[in-house]
Structures are given as structure tokens and as C-alpha cells.
Amino acid sequence: MKIFRYIIGILLTFLIVFPFYWVIVSSFKPADQILKPDLFPKAFTLVHYQELIEQTSYLTNLSNSIIVSIGTMAISVLIVIPASFALYRMKFKGRKFVSRLILATYVFPGILLLVPVYQLMADLHLVNSLLGLMVINVTFAAPFSVWLMQGFFDNVPIALDESAAIDGAGRMRTLFQIILPLIGPGIATISIYAFIMAWTEFAFSSVLINSDSLRTLPIGLNAIMGQYTVRWGWTTAGAVLALLPVVIFFAFVGKYFVKGLTAGAVK
């Protein structure tokens, strides 16, 4: 049985890791070797990275994605924490209904909202604006993040709130000085979720952004691929560079994210 598990584990690891390996290796291959099925390239080159940076607006797209992703993450955390505190620590009529309604927002595919969202953003003068993208990303990231925080708030004993109230602490002081330090893994979890969601968002970015100087990374990579021809060297190099910010970000908060997945799952 152990041998069988090892074999399955190795196969699953191979299926997950191999696509990343292939993209990374292909980004260093000469153009005439990229489509050849060579596991180990016969020659290495950095020309794809050099051309990508010098001949495209990749760095501009990258900086736009970083701004939108960090902004989405920050706004989401600022909204989700007090909203979760109110929903899961304060008693009011209709609380369960609101909690279920949050998840109900994900019943309908977001693509159906493209037209009304565009009209709304146009009325607010947020079309062709990075702030508009942040607003849309927060709209989709916040509901799930609020629901995700339930497990973390449930892990904090309600007796702490009562003790703080006896000592004269108000709601906001209880949240920031007592509860907030105890739900650090939860904050890391929703931060990573909001960041990655904004980093990979494509549909609304392609509709709301008209200016080349405001394109985010997914839109920029799509433009690099072209309509009739695909520059595989640029595409693979762009994909590798697009992974770096996520990997660096996850390296700093990844342990809190993994801890949060288990901490929020057990009451």
C-alpha cells in the first residue's frame, strides 16, 4: 500500500510541476527549439526576456497589476474585517440570512454582470481607471472573504469579548486590541485570496480598460500572443515573470496562509 501511495504521489507531483517546468525551460530556449519536445534544452538564451522588456509594454502592465492587486488586497482587508466582526460577533435580527445571502452572490457567473457593471462604472467615471478595477475586484473578493473569516472568529472565545466589555472596552477596541491579533492567519488567508484574484482577473479588465498604458498583466500577455501568430518566447518569458511577484508574496505570508487553512476549519 505504501508503494502504491508513493507512486500516486509521484504521478500527481509530476502532473502539477511539469507544466511549470516546461514553461520555465521553454522561456530559455532559442525560438527554433521552443516547440520541440526536448525535456532538456540544447542551448539557453535570455533574448526572449530582453525583447519582452525592450519591445513590449510588459513592465507597464506589470506595475499596473501590482498596483491593482495590492490596492484590492488592502481595501478588501479593511472592509472584510469589520464586516466579519459585525456578522459573526454581534447579534442582530437577520444575521443568518445575511450570512447565507453572501454566498448566494456567487450563484450567478460574474460574466453576466459585464454590461451592467460597465454602465455603472461609466456613470461613476471609473471606466479606464485602475481604481475602477480595484472596486470591481473588491466586489467579488469581499463576500467570499467574509464567509471565510467565520471559522477564524468562531475560534476566538466569546468570553474574551465579554471580559473586554466588563473592562470598559468598546466594540472597536475589542476588535483591534483583542481579536485582531488572534486572527492573523485569517487575515493572511483573505489577503492572499484577494491578491491572487486581482492578479489573474481578465474579463472585467479587458472591458473596463481602453488605454494601453493602463492594461494589466493578463491583458498585456493576451496582446503579446497576437491574433494570427504567437510569439512563444515572449509568452513563456512573460508567464515566468508573472509568477515571480506571486511567489515572492507567498514566500512571506505563505506559512500564515497554510496555517489559516487548518485553523479556520476547526471550531
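Given the structure is predicted, the values throughout are model-derived calculations rather than measurements.
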Can a donor-acceptor pair be found, under 3.5 Å and without considering hydrogens, that links the side chain of [X] to the backbone of [Y]?
X	Y	result
His48	Lys29	yes
Ser76	Ala194	no
Ser69	Ile66	no
Gln119	Met121	no
Ser27	Ile24	yes

Side chains of [X] and [Y], heavy atoms from C-beta outward: is any pair under 4.5 Å?
X	Y	value
Met149	Val80	yes
Ile102	Leu87	yes
Ile179	Arg89	yes
Leu221	Trp234	no
Pro245	Leu62	yes

**Asked** Is atom CZ of Phe20 surrounded by more than 12 heavy atoms (other residues, nucleotides or ligands) closer than 6.0 Å?
**Response** no
**Prompt:** Would you say Tyr118 has more than 12 foreign heavy atoms packed within less than 6.0 Å of its OH?
**Reply:** no
Roughly how far, to the nearest 0.5 Å, is [atom2] of [Y] from [atom1] of [X]?
X	Y	atom1	atom2	answer
Gln150	Ser84	CD	OG	9.5 Å
Leu11	Ile16	CG	CD1	11.0 Å
Trp199	Thr72	CH2	OG1	11.5 Å
Phe195	Asn137	CZ	CG	11.5 Å
Ile219	Ser205	CD1	OG	5.0 Å
Tyr6	Ile8	OH	CD1	14.0 Å

Can you hop from [X] to [Y] via hydrophobic side chains spaced under 4.5 Å?
X	Y	result
Ile192	Leu78	no
Leu214	Leu124	yes
Leu160	Ile81	yes
Met90	Leu175	yes
Val47	Leu241	no

**Asked** Would the Tyr49 and Phe28 ring centres measure less than 6.0 Å apart?
**Response** yes
**Item:** Close aromatic pair by centroid cut-off 6.0 Å: Phe140 and Phe204
**Value:**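 Yes, the ring of Phe140 comes within the 6.0 Å limit of the ring of Phe204, centre to centre.
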So which atom in [X] and which in [Y] form the shortest heavy-atom distance, rounded to 0.1 Å?
X	Y	result
Ser191	Met73	O-CG, 3.5 Å
Thr236	Gly233	OG1-O, 3.1 Å
Gly220	Asn61	CA-OD1, 3.4 Å
Ala242	Tyr58	N-OH, 3.1 Å
Ala83	Val146	CB-CG2, 4.2 Å
Leu217	Ser65	N-OG, 2.6 Å

**Item:** Residue pair Ser26, Trp232: steps toward the side chain to side chain contact (heavy atoms under 4.5 Å, CB included) verdict
**Value:** CA-CA 8 Å; Ser26 297; Trp232 289 111; over 6 Å; no
Side-chain donor-acceptor pairs under 3.5 Å in residues 127-136, sequence neighbours left out?
from: Asn128; atom 1: OD1; to: Asn210; atom 2: N; distance (Å): 2.9
from: Asn128; atom 1: OD1; to: Ser211; atom 2: N; distance (Å): 2.9
from: Ser129; atom 1: OG; to: Leu131; atom 2: N; distance (Å): 3.2

**Prompt:** With ILVMFWY side chains joined below 4.5 Å, transitively, what does Phe97's cluster contain besides itself?
**Reply:**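 Taking Ile, Leu, Val, Met, Phe, Trp and Tyr as members, Phe97 shares its hydrophobic cluster with Leu101.
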**Item:** Audit row: Leu126, Leu120, side chain to side chain contact (heavy atoms under 4.5 Å, CB included) steps and yes/no
**Value:** CA-CA 9 Å; Leu126 291 177; Leu120 178 61; over 6 Å; no
**Stepwise side chain to side chain contact (heavy atoms under 4.5 Å, CB included) test for Phe152 and Thr189** = CA-CA 10 Å; Phe152 299 98; Thr189 301; 4.0 Å; yes
